[in-house]
A.B. asks: 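Okay, handing you the structure first.
Below, read A as the first sequence line, B as the second, and so on, with proteins coming before strands; counting in each chain starts at 1. What you see is a predicted model, and the numbers here were worked out from it, not measured in a lab.
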Number of protein chains: 2
Amino acid sequence: MTSNRPPTSVDVARAAGVSQATVSYVLNDNPNARVSEETRQRVRDAAARLGYVPDASARTLRTGRSGIVLVPLSPARTGGLVRDLLDDLGEELRPRGYTLVQYGERHLKGVPAAKVWAGLRPTAIIVEADRLTRASVDLLRASGTRTVIGFSDAPSPLVPAVVMDHESVGACAARHLAERGRRRLAAIVPREEGVDLMGVGRLRGVRQVAPDAERIDLAFTEEAARAVATRHDLPDGIFAYNDEYALLLMSALQDAGVRVPEDVAIVGADDLLLASLVRPRLTSVHFDTTATPAGMAAYIDELVRGDRTAEPGSVISIYGPRLIVRSSS
Amino acid sequence: MTSNRPPTSVDVARAAGVSQATVSYVLNDNPNARVSEETRQRVRDAAARLGYVPDASARTLRTGRSGIVLVPLSPARTGGLVRDLLDDLGEELRPRGYTLVQYGERHLKGVPAAKVWAGLRPTAIIVEADRLTRASVDLLRASGTRTVIGFSDAPSPLVPAVVMDHESVGACAARHLAERGRRRLAAIVPREEGVDLMGVGRLRGVRQVAPDAERIDLAFTEEAARAVATRHDLPDGIFAYNDEYALLLMSALQDAGVRVPEDVAIVGADDLLLASLVRPRLTSVHFDTTATPAGMAAYIDELVRGDRTAEPGSVISIYGPRLIVRSSS
DNA sequence: CCTCGATAGTTATACGTATAAGCGCTTGAT
DNA sequence: ATCAAGCGCTTATACGTATAACTATCGAGG
């Protein structure tokens, strides 16, 4: 520990016998800088020897870009699939120089939300498309955000979007239940804010197949599930929104003496590992996503670097639902 | 949209007819600034009208502090309990002006890791204590990190630590299994890097009660679980590290025709909602944590603001394990 | 009238980086 | 011999904020 504070580019410059500007040019591989290979090496050696790490905030201030990929959604409430996807996306983004920041925040929409987000000067932002407006997108762009990506169940007129086709998920589940001879179908719609929209989308899909399918709103608690399970007029086939709700409901049904799948067939979604671990094993809608974390990271990188332009309305990925039949249906 | 870029404190100053310094004094409620209440209002009005949001990077550069609470662990691998706790902690920290950043990153240790972390100039950092050294703590402190909190199974000589007493978790589970008449005990140790240490701690606790308990290393895959479940010399009581591993193992045992709990009793840990949803319901070690998210957020805030000093070796919280007996044991 | 102290601000500066602009030196062409 | 052009660097500056240091005004007290 020779020095007490982390080394700056000025320290590196002094150690290499050059100016601070040269250090910056070399370490950023700036193409319009003319520096001899010999000097480049001296700089790189000095940087390595001192253990130089650029100050993220200074770089952000100077460039107006932060390398932050902001995800202002609360993945805890979104289910295991999204949570895992975000974790993987973060891993893929890091080696490219980005930092994925989760900003669990659900109250704000439109311009007020955009102002809060803009304070972090994120390089990119991935957010539910329904929280965006034309003005908020403009604000973000003006404040240095290079890439705004929506997250939605339909292409967005404002931004490119990661699209989950919720209707086809619901339809896929309902078709299966109908084939199994179930006539009185229902779809669970989560009561949680934010998630409910997806639930409604999936319900719509169910009703494409079974127009009179019942809508059951359900909070994620055991009491709420019990209330549903003890109804006297239970449907005989339920699409439970996702695997977690499916498990919650299935447990309550078993407690109430209702047999799954004999009395009521249950279909989940996300095809979590969980689904094959519980008994009865859970039939689930699996997503064949074309948006692998690596692919999304590369796409974001291309947009940020300007190698590709972000067409509003364009779709990053459609999740193709496919049913994994197990024993709960 | 009058302006195209987000307003700065200079814009607010111009709008309020004062200097930029005054704006800063007012909006930060700086106590040694002498500003009349009338002017304060003018400034606040102007800021509100323009929708001013301070630039996080400029503030960080100036102060050397970022408001970032860095958590360089990969919660996806840590289990549902830690993941939920971090989500809640983030919610609690936000209104206090901090931003919790998860930095899923497992390779680095000691000074190299500290250098990467220091690049973000975090205000506080919560990290596994075994990834810290004296030198890395010094480096973090020197680079402006006010608070370094360890995460460990024992008090740390370097920093205050959130302590999970893994041994007592294992002992709690083992005592229960022994009372149930189980004689050939085993404890699962996850094969995942980082988590394995906690697994070993819990195994130690099991062996305090049953000295010859077997150690079973298990990767989190169905194949690995099947390999264990089809052994001919199965133990009759297994502490499965946590609920997720317990469910994985229980499923494999059921597939192999082994009855739970008749042939093999299973105990999990974390007492996730999951545990009461599966069949048989999972006996689990519940944590009575004194470290509520709100309490931890307040503690961090006090340390950062200097209202409290961080005594190395001090313990933020001990998790008191308590068994929730259900039907898997 | 002058000083003093308080009040209510302002001016100036630094944080660490990226980059535009400039500057001396060499080289090749005329 | 002179000039232009290129090379290899340096100098200077701006990003937006927080804060130390300073200044102008005013009322009171001598």
A.B. asks: Checking A:Arg49 now: which residues fulfil salt bridge (charged side-chain N to carboxylate O under 4.0 Å, His left out) with it, not counting sequence neighbours?
C.D. replies: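 Listed in chain order: nothing, the list is empty.
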
A.B. asks: Using distance alone, with no hydrogens and no angle criterion, decide if A:Thr60 and A:Ser57 have a side-chain donor and acceptor under 3.5 Å apart.
C.D. replies: no

A.B. asks: How would you list, by chain and number, every residue that makes a side-chain hydrogen bond (donor to acceptor under 3.5 Å, both in side chains) with A:Thr99, sequence neighbours excluded?
C.D. replies: none

A.B. asks: Picking from B:Ile149, B:Leu100, B:Leu89, what satisfies side-chain contact (heavy atoms from CB on, under 4.5 Å) with B:Val71?
C.D. replies: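 Answer after filtering B:Ile149, B:Leu100, B:Leu89: B:Leu100.
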
A.B. asks: Does the side chain of A:Tyr25 come under 3.5 Å of the side chain of A:Asn32 through a donor N or O and an acceptor N or O?
C.D. replies: no

A.B. asks: Should the pair B:Asp45-B:Arg42 be classified as a salt bridge under the 4.0 Å nitrogen-to-oxygen rule?
C.D. replies: no

A.B. asks: Whole-Å distance between C:dG22 C1' and A:Asn32 CG?
C.D. replies: 15 Å

A.B. asks: Please enumerate all protein N or O atoms sitting under 3.5 Å from an N or O of nucleotides 22-24 of chain D, with distances to 0.1 Å.
C.D. replies:
none

A.B. asks: Who pairs with B:Glu37 by salt bridge (charged side-chain N to carboxylate O under 4.0 Å, His left out), at least two apart in sequence or on another chain?
C.D. replies: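 Listed in chain order: B:Arg44.
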
A.B. asks: Can you list everything that forms a side-chain hydrogen bond (donor to acceptor under 3.5 Å, both in side chains) with A:Thr133? Sequence neighbours excluded, please.
C.D. replies: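 Partners of A:Thr133 under the side-chain hydrogen bond (donor to acceptor under 3.5 Å, both in side chains) test: A:Ser136.
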
A.B. asks: Could you run through nucleotides 8-16 of chain C and give me one letter per nucleotide, 5' to 3': B if any protein heavy atom sits under 4.0 Å from the base, S if only the sugar-phosphate is that close, - if neither?
C.D. replies: BBBB--BBB

